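Predicted model, so just to flag it, every value in this text is computed and none were measured. Quick note on labels: first sequence line is chain A, next is B, and so on, each numbered from 1.
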Number of protein chains: 2
Amino acid sequence: MPYPDRVDEPPQGAAPGADEGPSGPASLSPANMADVARLAGVSIATVSRALRDVPGVGESTRRRVREVADQLSYVVSPEASSLSRRETGRVAVVMPRMDVWFYSMMLGGLERGLRAEGMDVLVYQVPGPAERGAFVRDLPARRKVDAVVLAALPLSPEQRDRLDLLGVPLVIAGGAARGLPHVDVDDRAMARLAVEHLLDAGHRDIAMVRTSDTDDTTWDADLLRVAGFRDALAARGVPERSDLLVTEPWAIDAGTKALDRLLALPQPPTAVFAYSDELATALTIGAWRLGLRVPDDLSVIGVDGHPTAAVMGLSTIDQQVELQAATAAEITVRLVRGVGGERSVRVPHVLVTRGSVGPPPAR
Amino acid sequence: MPYPDRVDEPPQGAAPGADEGPSGPASLSPANMADVARLAGVSIATVSRALRDVPGVGESTRRRVREVADQLSYVVSPEASSLSRRETGRVAVVMPRMDVWFYSMMLGGLERGLRAEGMDVLVYQVPGPAERGAFVRDLPARRKVDAVVLAALPLSPEQRDRLDLLGVPLVIAGGAARGLPHVDVDDRAMARLAVEHLLDAGHRDIAMVRTSDTDDTTWDADLLRVAGFRDALAARGVPERSDLLVTEPWAIDAGTKALDRLLALPQPPTAVFAYSDELATALTIGAWRLGLRVPDDLSVIGVDGHPTAAVMGLSTIDQQVELQAATAAEITVRLVRGVGGERSVRVPHVLVTRGSVGPPPAR
DNA sequence: TTGTACGCGTTATCAA
DNA sequence: TTGATAACGCGTACAA
């Protein structure tokens, strides 16, 4: 009777007929440190030290423990380890949704960066105002993670304050927030750059197209890009025409609809600055389908660095989402580990010219 | 001295100057059950029972415990709870990447479905063959989750077998696998349907466009869709022209390149079946930029249900990724809870006609 | 209905 | 270098 001290294990889970896996050695209830210790003829403490590579273990002992460990295909229980170390090794990433380009890029980059540092990523989708309220009220991530990354999640200052109750470092990715570590881009400057690019090409009747959310959420990036649009016009002394700032309710083809409205104007624009590449794309497709040529009849520029923009040949301001994500991951890791360094970083943007901007058509 | 039995707490983490949050009551090291028990004047066991809504607690007692709990803003330690219950409340979602449409949709849907059932989602990005090998070898998710969902992750049968060592239910989302619970679509039938749609419109010179991976990975869906393409032609007695099956190395503009090759043929196709909407989109954009009209000069149909396809006006076979995800989430939950039901589901596809398919141009 | 006491699997402290 | 042993915080038979 080799293991007199283990007599529990009810059949647990699996229905009678269920497969138990062809792999023999995987006995129910995986091995624990005690098992390893016993087989290696050492104490639990030594096993713990040996497997964690902490100093203070004889080389031969360490080897032996290692061998026994993978012979039993033993792995440390993360739960028990966390309980004891008071760390989870996990980071929560919270975003409105993860099935649209910007967020999926951000999530992908964060996962890469965090996993490279040995952290697991727990994801939370918090789409609307109601869900945001619930998230902030219930703090479902509490005690589950060592840090929380908010990816472009619109929160009120009070909501942000309440997140202090999480008791772990908080990082904003893709946006700013007074006092909190964050990674962002200069939305205002990006917009200014885009519009300057159009002005440089000779345009004066420049429209800006954006979308509004179905709920009443306001996005800082939106306001800032409108401001940048105005900055650029003002700086060149081009009077702003209010009819050229059009806002469509969000929809996948909002750009197309915006174009229709612009073309119906008595004096249509010769160039369009779109809030996003998605908008620019839909707008351009709409233009093509109407028989308009880009940029001969209409110049278009967007913001994002969306891959479709490349296929479309759309000029854009690349906001380098991967870099934002990688940077946010790095900051998060540093905060968790308690090492110093920049707490907030502004990622540079890049004008990518692809041929969707040209001189205005001759009248 | 109210709490004589708690005398630990080194400053832990936070640098001296760091903000401690304006929220007063959040003392370092959050309250535990013992704290709640003491303040409520009951035993720890009672607190545990009261907070978990298990029967066997007086109504007044339960209320009192609840009050004390949120007064202390107490939350159960997931680590300790997991350790004791031998469950994590987490599910791992593993996918090659999460920053492309299909996977981000899948992940979003899985997260929604799993969270609705109270499970947290841990994500793993396993891009290439090397990472797949490492994932299968090291099983980093072991002991961290109650189930694993593999989302369209290409694995060899041996690799799948090795995943048995995870010791938790395994679900395949967006693909099949002998013996494993899975959710998939009928790729072969989808392709057949798409090509039949083109045949019905009168086309006979029908091309299929697909991409090849940079690594040597083979995707079942790819083979099946090619088979479906052939099925449809054969069923109508249309001889297959080998020059009309073109494969481009994956790139965002692969569709455009494929089109160039097709148009260079002595007898170009009058219609194209694209492996994906992404390909169909790039191909269509390429066609437009060449001055071709769709469907007047060329008919195009894709597969996916990608939102861009809607903007483009592309007909497609919608593979209902959200439904696939929701179904996979449901199956996963059932397996974890050990309740019966279908272990594998085939999700229906839908032909969406949008006007990118018309009769072939008159010669 | 409530309390006691042990187990869950580690890490960390203190001796040896 | 190694070994006991006490936390870590919660779930749960078992007893009261």
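By the 4.0 Å N-to-carboxylate-O rule, A:D120 lies close enough to A:R115 to be salt-bridged with it. Classification of A:R162 and A:E158 as a salt-bridged pair fails, no side-chain N sitting under 4.0 Å from a carboxylate O.
As a whole-Å value, the separation of A:R38 CZ from C:dG9 C1' is 13 Å. In this structure, the CE atom of B:M33 is 18 Å from the C1' atom of D:dA7, given to the nearest Å. Look at CD on B:E79: it is 13 Å from P on C:dT11, rounded to the nearest Å. Between A:K144 atom NZ and D:dG9 atom P the separation is 18 Å, expressed in whole Å. Straight-line distance from the CG atom of A:L83 to the C1' atom of D:dA6: 13 Å, rounded to whole Å.
A side-chain donor-acceptor contact under 3.5 Å links A:S82 to the backbone of A:P78. A:E131 contributes a side-chain N or O that, together with a main-chain N or O of A:G128, makes up a donor-acceptor pair within less than 3.5 Å. Judged by distance alone, the side chain of B:R142 and the main-chain N or O of B:L166 form no donor-acceptor pair under 3.5 Å. For B:D70 (side chain) and B:S73 (main-chain N/O), no donor-acceptor pair under 3.5 Å exists by modelled atom type. Between the B:R132 side chain and the B:P154 main chain, a donor and an acceptor come within less than 3.5 Å of each other. Using a distance-only test at 3.5 Å, with no hydrogens or angles considered, no donor-acceptor pair links the side chain of A:D99 to the main chain of B:S104.
Looking at residues two or more places apart in sequence or on another chain, you find a side-chain contact (heavy atoms from CB on, under 4.5 Å) between B:D138 and B:A134, B:P140. For A:E117, the side-chain contact (heavy atoms from CB on, under 4.5 Å) partners two or more places apart in sequence, or in a different chain, are A:M119, A:V333, A:R337.
DNA chain D lies under 4.0 Å from at least one heavy atom of each of the following residues of residues 42-52 of chain A: A:V42, A:S43, A:A45, A:T46, A:R49. Within residues 56-70 of chain A, no residue places a heavy atom under 4.0 Å from DNA chain C.
The base of C:dG7 sits with one of its N or O atoms less than 3.5 Å from a complementary donor or acceptor on the side chain of B:S84.
Ranking C:dT10, D:dG11, D:dC8 by closeness to the A:R86 side chain, first place goes to D:dC8. With distances taken from any side-chain atom of B:R85 to the nucleotides D:dG11, C:dG9, D:dC10, the minimum falls on D:dG11.
Contact check, B:R143 against C:dC8: no side-chain N or O comes under 4.0 Å of OP1 or OP2.
Each end of the helix from C:dT1-D:dA16 to C:dA16-D:dT1 gets its own axis from five base pairs, and the two axes differ in direction by 30°, given to 10 degrees.
A:V75 comes within 4.0 angstrom of the backbone, heavy atoms only, and of no base.
Residue pairs meeting the ring-ring contact (aromatic ring centres under 6.0 Å, His included) criterion with at least one partner in residues 118-163 of chain B, sequence neighbours excluded, are B:Y124-B:F135.
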